[in-house]
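Before any comments, here is the structure.
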Protein chains: 2
Amino acid sequence: MAALQEKQVQHQECGDCPIRHRAVCARCDTDELVALEQLKYYRSFQAGQTVIWSGDRMDFVASVVSGIATLTQTMEDGRRQMVGLLLPSDFVGRPGRMIASYDVTATTDLVMCCFRRKPFEDMMVKTPHVAQRLLEMTLDELDAAREWMLLLGRKTAREKIASLLAIIARRDASLHLRQPSSQLTVDLPLTREEMADYLGLTLETVSRQISALKRDGVIRLEGKRQIVIPDLRRLLEEAGDDSDGGMLA
Amino acid sequence: MAALQEKQVQHQECGDCPIRHRAVCARCDTDELVALEQLKYYRSFQAGQTVIWSGDRMDFVASVVSGIATLTQTMEDGRRQMVGLLLPSDFVGRPGRMIASYDVTATTDLVMCCFRRKPFEDMMVKTPHVAQRLLEMTLDELDAAREWMLLLGRKTAREKIASLLAIIARRDASLHLRQPSSQLTVDLPLTREEMADYLGLTLETVSRQISALKRDGVIRLEGKRQIVIPDLRRLLEEAGDDSDGGMLA
DNA sequence: CGAATCCTTGAATTATCTCAATGCCCGTGG
DNA sequence: CCACGGGCATTGAGATAATTCAAGGATTCG
């Protein structure tokens with residue numbers, strides 16, 4: 001039972017919150033923030049812990065404050081597909097839905113800012129800024145999901161790996177607000193198997209393609225999880241995207 | 001130029017609208033409906049016509065009133081992936097975005113109920129019911145996209161075909177409000193190539209797998225596009241889903 | 001040190017794709 | 001009316017990318 005293993009985290013001011021400007025609360029004014037402050041509580045999870053099982057009753061919604069979580073679907077015979085990669089500021093849960101549709105797992109140590117579902121839903125009705133921001137975030141997620149569908153349906157294994165690295169580099173850069181230079185280092189928060197679940201591949205294929213990209217000089221490895229990208233443009237070419245996704249000027 | 005080929009359609013009362021209870025306007029009260037009625041105009045397209053090209057400026061949003069449209073992404077070398085299948089009541093376009101992200105194509109003759117983007121956005125701010133319904137619809141689409149990701153990433157060609165038939169049967173049934181019986185007929189609005197673009201396959205593989213399902217008695221063909229499903233449960237098994245998606249009692 | 005994880009690499013197998021030929025259906029024009 | 005062409009679908013044979021099965025290497029942690 002996840003609830004028994006998790007640690008409680010002490011209260012923190014919304015004003016200092018690292019995700020204040022990107023999360024569901026991004027648009028809130030001071031009054032609204034005070035109201036949210038009443039509702040919120042933190043929960044934290046260790047790397048590897050399951051936050052929610054698909055099919056479980058879920059009576060909260062939450063924002064990822066720090067760490068990374070995944071959304072996965074599993075078929076009866078065990079085939080798994082990741083359907084969401086949740087980075088800080090991303091939202092978990094669906095207003096109006098009691099039952100979780102996906103497994104949510106903490107890939108790294110994870111802190112979430114939670115709201116009980118009912119009060120949050122009431123707040124959505126009363127304060128339009130939360131609902132507005134949630135719509136915007138959901139539309140962004142839908143765009144990301146569609147990008148991901150192109151990857152899953154049509155890209156080669158090599159392109160899939162390159163695309164994943166590009167995606168992580170991009171989100172990483174936008175989070176740390178630094179302009180991605182042409183040389184940059186990406187901390188890969190996923191095991192090979194998790195990457196495989198993301199990309200619709202086997203872990204062996206992931207490993208082979210990473211080796212191939214390394215052999216061809218597209219990336220360098222610093223340990224297993226740290227990846228250096230000497231030439232971002234080159235990586236983006238390998239990803240097969242028609243645009244650079246606005247990563248370069 | 002699509003705009004030159006399309007026909008204008010005469011005005012129609014929202015009260016009589018076939019998608020009144022499912023579209024973005026579903027939650028609107030009488031006053032709000034009057035306001036929307038002012039804004040709306042119909043456009044229709046012939047089967048095969050392109051509604052919007054990805055990258056084009058798009059200064060309207062719309063609901064599909066009748067017919068079917070697709071959202072597709074294309075890579076430089078021509079690989080195509082369908083990322084959305086728009087049936088009546090589905091919404092096209094994104095408030096707050098000028099530029100279309102996907103190609104939108106009419107697969108059958110198509111009628112859309114359009115709103116110029118700016119007035120629609122103003123309306124969203126003023127009347128929460130439109131924004132609320134749009135959030136709900138977007139969340140549903142996101143769920144559908146995630147289901148689709150599992151299909152693209154992990155299902156076999158045979159399972160993909162069975163899943164597609166199940167999806168169309170389900171949406172068809174919910175639109176016509178009839179309980180799917182164990183024997184039912186599905187009108188397939190897609191060519192083999194379009195099915196392939198949906199499923200991340202080639203058209204040859206689609207054709208082969210349809211033949212295989214026919215050979216094995218899972219489906220029967222009535223012409224090329226009409227498909228009879230003698231035993232829905234059997235089809236759902238073939239689709240590899242762990243649940244029946246609520247189609248059977 | 002030994003066990004547990006995670007990762008890499010190889011060899012054989014297989015699902016799907018590619019290329020190519022043929023068939024079916026329907027509308028058009030001779 | 002029939003022949004023809006175009007669009008769509010089917011089927012086969014060979015090629016190929018990715019998977020499966022299997023072994024072994026690296027790293028961490030008690």
Subject >> Nearest to side-chain heavy atoms of Lys224(A), which nucleotide of dT8(C), dA18(D), dT11(D) >> reply: dT8(C)
**OP:** Rounded to the nearest angstrom, tell me the gap between atom CZ in Arg154(A) and atom C1' in dC17(C).
**Re:** 11 Å
Original post:
Given atom CG of Leu188(A) and atom C1' of dC7(C), what is their separation to the nearest angstrom?
Top reply: 13 Å
Original post:
Can you find a donor-acceptor pair, distance only, under 3.5 Å between Arg208(A) side chain and dT20(D) base?
Top reply: yes
**OP:** From the options dT20(D), dT10(D), dT9(C), select the nucleotide whose nearest atom is closest to the side chain of Thr202(A).
**Re:** dT20(D)
Subject >> Value in whole Å for how far the C1' atom of dT9(C) lies from NZ of Lys214(A) >> reply: 11 Å
Original post:
Within this structure, what is the CG-to-P distance between Leu203(B) and dT16(C), rounded to whole angstrom?
Top reply: 15 Å
Subject >> Worked check of salt bridge (Lys or Arg N to Asp or Glu O under 4.0 Å) between Asp59(A) and Arg57(A) >> reply: CA-CA 6 Å; Asp59(A) 28 33; Arg57(A) 184 193 172 87; 3.3 Å; yes
Original post:
Is Arg43(A) positioned over the aromatic face of Phe60(A), cation under 6.0 angstrom from the ring centre and no more than 45 degrees off axis?
Top reply: yes
Original post:
In whole angstroms, how far is the C1' atom of dC25(C) from the CG atom of Leu221(B)?
Top reply: 15 Å
Original post:
In whole Å, what is the span from the CG atom of Asp197(A) to the P atom of dA18(D)?
Top reply: 17 Å
Original post:
In whole Å, what is the span from the CD atom of Gln209(B) to the C1' atom of dT14(C)?
Top reply: 13 Å
**OP:** Could you tell me whether a side-chain N or O of Glu194(A) sits under 3.5 Å from a main-chain N or O of Thr191(A), the two making a donor and an acceptor?
**Re:** yes
Original post:
Does dC8(D) have OP1 or OP2 sitting under 4.0 Å from an N or O in the side chain of Thr191(B)?
Top reply: no
Subject >> Arg233(B)/Glu237(B) ion pair, N-O < 4.0 Å >> reply: no
Original post:
For Arg215(B) and Ser211(B), does a side-chain donor sit closer than 3.5 Å to a side-chain acceptor?
Top reply: no
Original post:
Donor-acceptor pair under 3.5 Å: do we get one between Arg192(B)'s side chain and the base of dG7(D)?
Top reply: no
Original post:
So does Arg225(A) get a side-chain nitrogen or oxygen closer than 4.0 Å to the phosphate oxygens (OP1/OP2) of dC7(C)?
Top reply: yes
Subject >> Short side-chain N/O contact to dT11(D) OP1/OP2 from Ser211(B), under 4.0 Å >> reply: yes
Original post:
Tell me: CD of Glu193(B) to C1' of dG6(D), nearest whole Å?
Top reply: 15 Å
**OP:** Looking at every strand, decide which applies to Gly200(B) at a 4.0 Å heavy-atom threshold: base, sugar-phosphate, or nothing.
**Re:** sugar-phosphate
Original post:
What's the closest nucleotide to the Leu201(B) side chain, out of dT16(C), dA9(D), dT8(C)?
Top reply: dT16(C)
Original post:
With no angle test and no hydrogens, is the base of dC19(C) tied to the side chain of Glu204(B) by a donor-acceptor pair under 3.5 Å?
Top reply: yes
